[in-house]
J.: 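The structure follows.
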Amino acid sequence: MRLSRYFMPILKENPKEAEIVSHRLMLRAGMIRQQSQGIYSWLPLGKRILNKVNNIIREEQNRAGAIELLMPTLQSAELWQESGRYDAYGKEMLRIQDRQERPMLYGPTNEEMVTDIFRSYVKSYKDLPLNLYHIQLKFRDEIRPRFGTMRSREFMMKDAYSFDLTLEGAVHSYNKMFAAYLRTFNRLGLRAIPMRADTGPIGGNLSHEFIILADTGESEVFCHKDFVNFDIPAEDTNFDDVAGMKAVFDKWTSVYAATSEMHDEAAFNAIPDGERLSARGIEVGHIFYFGTKYSEPMGAKVQGPDGKEHAVHMGSYGIGPTRLVPAIIEASHDENGIIWPASVAPFDAVVINMKAGDQACDAACETIYAALSKAGKDVLLDDTDDRAGTKFATADLIGVPVQIIAGPRSVANGEVEVKDRKTGARETMTIEAAINRLA
Ligand SMILES: Nc1ncnc2c1ncn2[C@@H]1O[C@H](COS(=O)(=O)NC(=O)[C@@H](N)CS)[C@@H](O)[C@H]1O
């Protein structure tokens with residue numbers, strides 16, 4: 001991508017409305033724009049990162065056997081009246097009417113709708129287990145949206161829903177999502193800690209929140225320090241291995257971890273000194289088992305091996321991609337800007353032409369840009385006529401992992417400088433070596 005032809009509205013100054021670093025940096029890097037309170041546009045740079053986050057979420061959902069679909073944002077009120085949540089949900093629900101004056105709503109979540117899809121087609125236990133998910137916008141009229149897209153009113157959610165004949169089957173589905181979440185957040189460069197959690201308006205009696213530790217987090221969390229060393233389930237994990245999935249769950253729930261709503265002071269203080277951790281955290285995922293809470297009232301039943309009708313056991317599993325982007329920034333930035341993990345970086349490298357218009361610099365940059373693009377790399381070429389200082393500041397701000405700097409002096413020797421954004425390490429090398437380093 002040539003920066004001279006891109007759309008990345010960088011802000012020079014810190015926006016005054018931004019209270020936390022991720023909000024400030026997302027605005028300054030031209031990643032998002034607030035359209036109204038708690039409602040944002042994702043501008044091109046931000047959308048690239050959001051896409052990468054969603055692709056990792058999608059890959060890990062698919063690896064765990066979940067099947068992707070897409071449900072609408074607008075839902076009929078009747079569906080929610082069947083489950084009894086229409087009135088219970090409260091002011092967070094955005095209620096609307098269509099031209100026929102039919103009561104509708106902008107979906108804050110999709111338990112009712114996915115249960116309606118399930119009950120329309122699935123009649124036998126032989127079609128179970130089933131896990132359906134989508135990545136879709138939600139609306140919750142939060143009383144106090146803040147911190148940019150960390151807590152917005154319209155936001156994106158991956159929400160998955162599992163269906164099983166028995167409680168045992170549902171627990172296995174829960175454990176599969178539990179393991180998938182550990183893998184997902186790890187691939188995003190985050191250490192998420194599963195914590196026993198309150199079930200809230202979703203319901204049920206088994207629930208874990210996945211929290212990443214961050215000073216600006218809204219959640220207050222208490223846990224054992226051992227978490228930081230636990231192994232993440234490997235890429236070749238067998239998600240159909242019931243005992244194996246239970247072992248992952250047991251391991252990751254074997255030591256104390258709870259949000260403030262579920263905190264047990266005595267249990268926490270029983271942890272030896274030096275091994276206790278209390279911190280602030282950001283909830284990036286939340287999973288629930290809630291049995292027949294929706295299937296019973298909505299008649300989602302299957303015929304069991306005994307020939308009888310059984311309401312299915314369900315769970316739901318949410319991740320907030322539009323919260324994950326700022327959460328990653330909170331966990332990975334410095335005084336110069338964002339430091340993207342390679343897995344979600346908007347570009348693999350940025351080529352900085354220190355003297356656009358200089359024939360040798362232009363040629364060197366074009367050579368590198370063409371070679372890396374041909375090798376399938378996402379490259380941003382800063383071919384603008386900004387001053388070098390501005391180019392360096394922009395490259396540091398937007399957090400691309402590798403900067404390839406072509407200045408007249410180094411190019412005269414057939415060389416460029418390669419800078420690692422995370423460590424700041426700089427290395428001068430030939431243009432070929434720079435290409436080979438990244439290709
Ligand atoms: N206002 C919000 N802004 C940004 N992300 C949010 C917001 N509310 C929730 N999320 C994200 O969405 C995830 C799931 O939301 S939730 O309410 O906990 N769970 C559900 O809605 C269930 N239906 C799971 S499918 C949260 O863990 C959080 O990461």
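Start at 1 and go down the list; that is how both ligands and their atoms are numbered. Bear in mind the structure is a predicted one, so any value in this text is a computation, not a measurement.
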J.: Thinking salt bridges, do K419 and D396 make one under a 4.0 Å N-O criterion?
T.: yes
J.: Could you report the tightest heavy-atom contact between A257 and P194, atom names first, then the distance?
T.: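 Scanning both residues completely, I find the closest heavy atoms to be CB-O, 3.6 Å.
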J.: Students should be able to answer this: which protein heavy-atom is nearest to atom 10 (N) of ligand 1, and at what distance?
T.: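 Sorting protein heavy atoms by distance from atom 10 (N) of ligand 1 puts F155 CE1, 3.6 Å first.
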J.: For ligand 1, note which part of R140 has a heavy atom under 4.0 Å away: side chain, backbone, both or neither.
T.: side chain
J.: Please say whether V284 places an N or O atom under 3.5 Å from an N or O atom belonging to ligand 1.
T.: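 By distance alone, the answer is yes.
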J.: Can you tell me how the ring of Y40 sits relative to the ring of H23, calling it parallel under 30°, perpendicular over 60° and tilted otherwise?
T.: perpendicular
J.: Name the orientation class of the two ring planes belonging to Y106 and F139 (parallel below 30°, tilted from 30 to 60°, perpendicular beyond 60°).
T.: tilted
J.: List every atom of ligand 1 that sits less than 4.0 Å from any heavy atom of D159, numbering the atoms from 1 in the order shown and giving each element.
T.: 25 (S)
J.: Which ligand 1 atoms does H286 reach within 4.0 Å, using its non-hydrogen atoms?
T.: 18 (O), 27 (O)
J.: Identify the protein heavy atom lying closest to atom 28 (C) of ligand 1, giving its residue, its atom name and the separation to 0.1 Å.
T.: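 Nearest protein contact, heavy atoms only, for atom 28 (C) of ligand 1 is R323 NH1, 3.5 Å.
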J.: Suppose we measure from atom 3 (N) of ligand 1 to each protein heavy atom; which comes out shortest, and what is that distance?
T.: S152 N, 3.2 Å
J.: Using a 4.0 Å cut-off to any heavy atom of M150, which atoms of ligand 1 qualify?
T.: 3 (N), 4 (C)
J.: List ligand 1 atoms under 4.0 Å from R151, heavy atoms only on the residue side.
T.: 3 (N)
J.: Tell me whether the rings of Y289 and H313 are parallel (<30°), tilted (30 to 60°) or perpendicular (>60°).
T.: parallel
J.: Do you see a donor-acceptor pair shorter than 3.5 Å between the side chains of H263 and Y256?
T.: yes
J.: If you round to the nearest 0.5 Å, how far is CD of E296 from CE of M314?
T.: 12.5 Å
J.: When you measure from atom 12 (O) of ligand 1 to every protein heavy atom, which one gives the shortest distance, and what is it?
T.: M157 CE, 3.8 Å
J.: Do E330 and S22 meet the criterion of a side-chain donor-acceptor pair at a distance under 3.5 Å?
T.: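 Short answer, yes.
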J.: Hey, can you tell me if H286 and F288 have their rings parallel, tilted or perpendicular (30° and 60° cut-offs)?
T.: parallel
J.: Give me the nearest non-hydrogen protein atom to atom 24 (C) of ligand 1 as residue plus atom name, then the distance to 0.1 Å.
T.: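 Looking at atom 24 (C) of ligand 1, the protein heavy atom closest to it is G318 N, 3.4 Å.
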J.: Check E142 against ligand 1 and report side chain, backbone, both or neither, counting heavy atoms closer than 4.0 Å.
T.: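 For E142, only side-chain atoms sit under 4.0 Å from ligand 1.
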J.: Write out the residue and atom name of the closest protein heavy atom to atom 23 (N) of ligand 1, then the distance separating them to 0.1 Å.
T.: T109 OG1, 2.6 Å
J.: Is the distance between the ring centroids of F249 and H208 under 6.0 Å?
T.: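 Ring centres of H208 and F249 closer than 6.0 Å.
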J.: Report yes if T322 has an N/O atom closer than 3.5 Å to an N/O atom of ligand 1; otherwise report no.
T.: no
J.: Give the ring-plane orientation class for F227 versus W252, where under 30° counts as parallel, over 60° as perpendicular and anything between as tilted.
T.: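 If you compare the ring of F227 with that of W252, the planes turn out tilted.
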J.: Which of the atoms in ligand 1, numbered in the order shown and given with their element, are less than 4.0 Å from a heavy-atom of Y317?
T.: 24 (C), 25 (S)
J.: Is a salt bridge present between E218 and R280, judged by a nitrogen-to-oxygen distance below 4.0 Å?
T.: no
J.: Less than 3.5 Å between some nitrogen or oxygen of K158 and one of ligand 1, yes or no?
T.: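 No.
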J.: Using a 4.0 Å heavy-atom cut-off, say whether E283 meets ligand 1 through its side chain, its backbone, both or neither.
T.: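 Answer for E283: both.
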J.: Counting only heavy atoms, tell me which of G320, G107, P145 gets closest to atom 13 (C) of ligand 1.
T.: G320
J.: Report the part of E111 (side chain from C-beta onward, or backbone N, CA, C, O) that has a heavy atom under 4.0 Å from ligand 1; answer both or neither where that applies.
T.: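 Contact part for E111 vs ligand 1: side chain (C-beta onward).
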J.: To which protein heavy atom is atom 19 (N) of ligand 1 closest, and what is the distance rounded to 0.1 Å?
T.: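 Here the nearest protein heavy atom works out to F288 CE1, 3.5 Å.
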